[in-house]
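Next up is a structure, given as structure tokens.
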Amino acid sequence: MREIANPDDLLHWYDRHARVMPWRVGPADRAAGVRPDPYRIWLSEVMLQQTTVATVKSYFERFTSRWPDVQALAAADDGDVMGEWAGLGYYARARNLLKCARVVANEHGGIFPDACDALLKLPGIGPYTAAAISAIAFDRAETVVDGNVERVMARLYDIHTPLPTAKPELTEVATALTPDNRPGDYAQAVMDLGATICTPKSPACGICPWHTPCRARAADTQSDLPRKLPKKEKPTRLGIAYVVRRDDGAWLLERRPDKGLLGGMLGWPGSDWSEAPAPAPPLQANWQTLPDEARHTFTHFHLRLRIDVTIINGPVDPEIGEFIPRQRFKPSELPTVMRKVFDLAHGAFTKIG
DNA sequence: AATCCGTGGCC
DNA sequence: TGGCCAAGGAT
């Protein structure tokens, strides 16, 4: 008879090897009765969507220092939140984060729901995040299925169906395995296992607490799992960014519309991004094209951005965007592609004087 | 259902 | 250097 994976074996491993994170209540503290702060769990889970733990840590510290609870975040200025999120990517997360904070503050008395179905109704909370908050913050027996869990389950049960087709099947076996005992710790334990032992490349099967029941390990297929459908090729798009510096040091920037790429973020005025972008200077000036272009890769295309710069004297009323005084302009509040443009333009201005 | 939506580290 | 990958969600 084939041996079945035992959740207690994983929990025992987690008790010894749980990763330490700023938002996490470790297994020892949890056993002593310490409860996680749902606000911090929610915030960390949204930040961790498609984003590495290492990247999230510093953002989490800055957010919780500036906005210690959901009421504080709900009262925050939109631009301040988008500015703090700059560099983390997937900016719809930040817009939905604010929406969610305001719903929780105004319609739930500042208390996060503990049930999945209620959490799912909130902006920016999907199946994974709802289960994660319910399990981790409230210790309810919900099953989290993220990329780690998909990989662990595909290997544990030697499932060769490629993702995303395999998702329902992987969810089913993951659900069947979820224990009623310590579900919050268990959810974090599966993800820790995927992140540190059952890794995408070169999994450390020799020290895995589920080594014995793992069917992929028995079949030596672990390195091929999970299978994934081939990805589409990324096209290259071109564009022009216009950097205007006023003689008093102010910069001309625009707030991008909420919908679409980099929605809600600050950026330089520019052309469309396409095969043949149409020039669209925000004002009449003596434009100079920089020798180097900014290169950036988004989720689904490569971008090559020509940079046109100019320096203007005295008051000018641009048709597009708004001058931001030197004192108030923080390059750290720009999304990465816009910061690359700034770095190149600033370097050129500095050299020219 | 398929597409859109960022970024940085890794090898 | 370029593709892969990371605690996904909205439309």
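Below, chain A is the first sequence line, B the second, and so on; all start at residue 1. Hydrogens, waters and symmetry mates play no part in the numbers below; they use all other heavy atoms, side chains included.
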Parallel, tilted or perpendicular: ring planes of A:Phe342 versus A:Trp251, cut at 30 and 60 degrees: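 Perpendicular, since the angle between the ring planes exceeds 60°.
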Quiz item: cation-pi between A:Arg326 and A:Phe329, 6.0 Å / 45°: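 No cation-pi geometry.
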Integer-rounded Å distance: B:dC4 C1' and A:Gln50 CD: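 Answer to the nearest Å: 13 Å.
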A:Asp180, CG atom: more than 12 neighbouring heavy atoms under 6.0 Å: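 Not buried by this count: 12 neighbours or fewer within 6.0 Å.
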Atom-pair distance (NZ on A:Lys57; P on B:dG9), nearest Å: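 In whole Å, B:dG9 P lies 14 Å from A:Lys57 NZ.
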Members of residues 76-95 of chain A that approach DNA chain B, where some heavy atom sits under 4.0 Å away: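 Contacts with DNA chain B under 4.0 Å: A:Gly87, A:Leu88, A:Gly89, A:Tyr90, A:Tyr91.
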A:Arg19, nearest nucleotide to its side chain (from C:dA7, B:dC5, B:dC4):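 Closest nucleotide among those given: C:dA7.
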Separation of the P atoms in C:dA7 and B:dC5, to the nearest angstrom: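 Those two atoms are separated by 23 Å.
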Test item: A:Asp247 side-chain N/O and A:Ile311 main-chain N/O as donor-acceptor pair under 3.5 Å: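 Checked: no pair found.
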Sidechain N-carboxylate O distance under 4.0 Å for A:Asp343, A:Arg339: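 A:Arg339 and A:Asp343: salt-bridged.
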Whole-Å distance separating the CG atom of A:Leu334 from the C1' atom of B:dG6: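 Result: 15 Å.
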Between B:dG6 and C:dT11 - P atom distance, rounded Å: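 These two P atoms come out 14 Å apart once rounded.
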Rounded distance (Å) that lies between atom C1' of B:dG6 and atom CZ of A:Arg339: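 Rounding to the nearest Å, CZ of A:Arg339 and C1' of B:dG6 are 12 Å apart.
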Interatomic distance, A:Arg237 CZ vs B:dC5 C1' [rounded to whole Å]: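 Nearest whole value for this atom pair: 11 Å.
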Nearest-Å distance for atom pair CG/C1', residues A:Asn148 and C:dA7: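 Spelled out: CG on A:Asn148 to C1' on C:dA7 is 7 Å.
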Cationic N near anionic O, under 4.0 Å, A:Arg66 to A:Asp77: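 Not counted as a salt bridge, because no side-chain N and carboxylate O are separated by less than 4.0 Å.
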Short side-chain N/O contact to B:dG8 OP1/OP2 from A:Thr336, under 4.0 Å: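 Yes, because at least one side-chain N or O of A:Thr336 sits under 4.0 Å from OP1 or OP2 of B:dG8.
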Electrostatic pair A:Arg182:A:Asp15 at N-O distance under 4.0 angstrom: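 Looking at A:Arg182 and A:Asp15, the cut-off is met.
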Nearest heavy-atom neighbours spanning A:Val144 and A:Ala131: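 Residues A:Val144 and A:Ala131, closest heavy atoms: CG1-C, 3.8 Å.
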Strictly under 3.5 Å: I want the nitrogen or oxygen pairs between protein and nucleotides 2-5 of chain C, one per line.
none

is_close_aromatic(A:His300, A:Phe298), centroid dist under 6.0 Å: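 Not close enough - the centres of the two rings lie 6.0 Å or further apart.
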Touch class at under 4.0 angstrom, heavy-atom based, for A:Trp42 against every strand present: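 Contact class for A:Trp42: none.
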Interatomic distance, A:Lys232 NZ vs B:dA2 C1' [rounded to whole Å]: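 Value for this atom pair: 8 Å.
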A:Thr55 side chain near B:dG8 phosphate (N/O to OP1/OP2, under 4.0 Å):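 So the side chain of A:Thr55 is outside the cut-off, no N or O lying under 4.0 Å from OP1 or OP2 of B:dG8.
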Rounded distance (Å) that lies between atom P of B:dG6 and atom NE2 of A:His300: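 Value for this atom pair: 8 Å.
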Salt bridge flag under 4.0 Å for residues A:Glu293 and A:Arg295: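 Salt bridge: yes.
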Sugar-phosphate, base or nothing in reach of A:Met338, heavy atoms under 4.0 Å: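 Touches nothing.
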Below 3.5 Å between N/O atoms, which protein atoms pair up with nucleotides 9-11 of chain C? Just atom names and distances, please.
{"from": "C:dG9", "atom 1": "OP1", "to": "A:Gly126", "atom 2": "N", "distance (Å)": "2.9"}
{"from": "C:dG9", "atom 1": "OP1", "to": "A:Gly126", "atom 2": "O", "distance (Å)": "3.4"}
{"from": "C:dG9", "atom 1": "OP1", "to": "A:Thr129", "atom 2": "N", "distance (Å)": "2.9"}
{"from": "C:dG9", "atom 1": "OP1", "to": "A:Thr129", "atom 2": "OG1", "distance (Å)": "2.7"}
{"from": "C:dG9", "atom 1": "OP2", "to": "A:Pro127", "atom 2": "N", "distance (Å)": "3.4"}
{"from": "C:dG9", "atom 1": "OP2", "to": "A:Tyr128", "atom 2": "N", "distance (Å)": "3.2"}
{"from": "C:dA10", "atom 1": "OP1", "to": "A:Gly124", "atom 2": "N", "distance (Å)": "2.7"}

Nearest heavy atoms of A:Pro279 and A:Ile240, plus distance in Å: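 Closest approach of A:Pro279 to A:Ile240: CA-CD1, 4.1 Å.
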Distance-only side-chain donor-acceptor flag, A:Gln49 / A:Arg93, under 3.5 Å: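 The answer is no; no qualifying pair exists.
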